[in-house]
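Hydrogens, waters and symmetry mates play no part in the numbers below; they use all other heavy atoms, side chains included. We're numbering straight along the sequence, starting at 1. The structure presented is a predicted model; accordingly, all values stated were derived computationally and were not measured.
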Amino acid sequence: MDSSNRMAVAQRAEELRKGPLSYIDEFIQALPDLYSSSNTDGWIACVVAENKNAELQRRLLQRLEEAPESDLSVMNYGSMKGSHALQRSLCELLERTFVRSHRVTLEPSNMVVMSGCTACINSLAFCLLDEGDGVLLPLPTYAAFDNDLKAQARLKPVHFSLDELRGDIESQLDAAVEDARGRGITVRALLVTNPSNPLGTIFSDDTIRAMVGWALERGIHYVADEIYALSVHEPGVMCKSAMCILYEELVETGAVSVDVARTHFHLLYGLSKDWCASGLRVGCLYSDNEPLQEALNSLAPMASVSNYVQDKVAVVLGDEAFTEAFVADNAAYLRRLYGVLTTGLRRLSVPFVEAQSGIFVWVDLSSWMEEQTFEGEEKLWRRLCNEVKVLWTPGKACHSPRPGCFRVCFAWVDEAAIEAMIGRLGQLLG
């Protein structure tokens, strides 16, 4: 890099120039040559956390277009934290689905609407914590969280392994805090994605209760990322919001005070995953923290959503019959794709984590690595790319505790592509 480049941006922007994801170059390379029925030799890219169910996307788009004509108010400035209609529709949607509880009543004015959950996380991080503070992230984790927390808020992601089967959740969290303190980092928040990205698993109620209780008892902010809560595809299983567990069990018993619950619990949701609508750029943050809400008045204008989009989305999410059918059909679709992928993996004797929700399968290819290191993982990943044109998220990008695991985003492609991918994988593994 020459001196003119160094002077072209501020010092704080230098680190941003490398990009948020290690595998983005390969994805961009694949885009002009993707697999299809007319291009069966193209790339099969299962690296983006996106649900591209074309049938459901068309259905949602049609329903948006059928919404009543917007009045002229959508052409003017409105509340930068979300229209009242959309705030109300989002609260009602959550209350009749995964935040359904006799102990929880969501206040629409505390539902902040922004241009995607990334904007919500960025604003939340900037307002709740100070530069250099630590955020606990159970591993493996969403690959872009590092960028979300560091790019503007300049926080310190604190990655740690959480063994749910071992129990003693609080002790594991305490150990992570002590480890961070030894590195000069003060932990101020715990960010939990449930259902998990990248595992597709759902934490037990006991584990969520332990994590929420541990955090709030210590004055640590608990951020519940529940953006996959309505993508549960295992029959008979549901994802219960951490907010329900907080108020039904911890506040109800006096383990956590109402005041602390209101100031230190925050919920994230959005339309990108469960609603196959990442392009609408609608994310939301719910928090009863009044000082936070006041601070967001200054940040929300930087990430607000079009009034026209909000107007249409508010109508659709308020249609209970439509949303119920959409969620059910999406679950059936994900269950079908998941079944195709996992049947193929079993046929090849490839281990994987059994998922219950979301759009991922966490695959273990460590037995096919030349060496049990992250260098060995990268070599195998490059063979997947170069020899069979299959693109998965490498485990290292998700801070996997051990090398050899890969995240497969199966909802980015159709069944034919998944079948072809299994065939190519079989050729590579031998």
Side-chain angles (χ1 to χ4, degrees), residues 48-68 70 82-83 85-101 106 108 111 113 115-117 120 193-195 197 200 202 225-241 244 267-284 286 305-306 308-340 355-360 409-415:
V48 178
E50 192 173 32
N51 186 339
K52 295 181 66 176
N53 183 328
E55 179 183 342
L56 287 180
Q57 287 178 327
R58 280 191 290 268
R59 187 195 303 182
L60 180 59
L61 188 58
Q62 179 180 346
R63 183 65 185 87
L64 289 167
E65 292 171 346
E66 291 172 351
S70 300
S83 71
L86 182 53
Q87 289 174 314
R88 183 175 61 253
S89 288
L90 281 165
C91 287
E92 291 173 353
L93 171 69
L94 270 57
E95 286 179 338
R96 66 176 183 261
T97 54
F98 63 97
V99 194
R100 187 171 184 173
S101 170
L106 300 178
M111 180 69 76
V113 180
S115 54
C117 270
C120 294
T193 302
N194 188 46
N197 172 3
I202 299 174
D225 172 12
E226 298 179 347
I227 196 169
Y228 297 97
L230 296 181
S231 289
V232 179
H233 51 72
E234 181 175 328
V237 174
M238 67 168 290
C239 179
K240 184 177 184 179
S241 175
C244 297
L267 188 152
L268 298 167
Y269 190 64
L271 303 191
S272 294
K273 316 303 181 181
D274 295 342
W275 302 92
C276 314
S278 54
L280 291 182
R281 308 310 302 133
V282 177
C284 61
Y286 185 87
V305 180
S306 155
Y308 182 78
V309 170
Q310 291 190 66
D311 189 52
K312 301 300 183 185
V313 171
V315 172
V316 174
L317 295 186
D319 184 339
E320 188 169 348
F322 176 85
T323 56
E324 183 177 347
F326 190 99
V327 169
D329 290 347
N330 184 46
Y333 173 78
L334 294 176
R335 183 161 58 249
R336 187 167 69 250
L337 262 59
Y338 175 79
V340 173
Q356 303 161 298
S357 182
I359 55 180
F360 316 106
C409 304
F410 61 82
W412 210 80
V413 295
D414 59 18
E415 293 178 50

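Remark: side-chain polar atoms of S241 are not paired, donor with acceptor, to backbone N or O of V99 under 3.5 angstrom.
Applying the salt bridge (charged side-chain N to carboxylate O under 4.0 Å, His left out) criterion to E415, with sequence neighbours excluded, gives R336. Residues meeting the side chain to side chain donor-acceptor pair (under 3.5 Å) test with S231, sequence neighbours left out: D274. Not counting sequence neighbours, Q57 has no partner by the side chain to side chain donor-acceptor pair (under 3.5 Å) test. Applying the salt bridge (charged side-chain N to carboxylate O under 4.0 Å, His left out) rule to R59 yields the partners D329; only residues at least two apart in sequence or on another chain are considered. With sequence neighbours excluded, no residue forms a side chain to side chain donor-acceptor pair (under 3.5 Å) with S272. Applying the side-chain contact (heavy atoms from CB on, under 4.5 Å) test to S70 and every residue at least two apart in sequence or in another chain returns V74, Y308, D311, K312. Residues meeting the side-chain contact (heavy atoms from CB on, under 4.5 Å) test with E324, sequence neighbours left out: none. When the side chain to side chain donor-acceptor pair (under 3.5 Å) test is applied to T193, the partners found at least two apart in sequence or on another chain are D225. Annotation: ring-ring contact (aromatic ring centres under 6.0 Å, His included) contacts of Y286 (sequence neighbours excluded): none. Listed by chain and number, the residues in a side-chain contact (heavy atoms from CB on, under 4.5 Å) with R96 are E92, L93, E320, T323 (sequence neighbours excluded). Remark: V316 pairs with L60, R63, L64, F322 by the side-chain contact (heavy atoms from CB on, under 4.5 Å) rule, at least two apart or across chains. The ring-ring contact (aromatic ring centres under 6.0 Å, His included) search around Y338 returns H233, not counting sequence neighbours.
Two residues are said to be in side-chain contact when any heavy atoms from C-beta on lie closer than 4.5 Å; T97 and V327 fail this criterion.
Classified by interplanar angle (parallel below 30°, tilted 30° to 60°, perpendicular above 60°), the ring pair F326/W275 is parallel.
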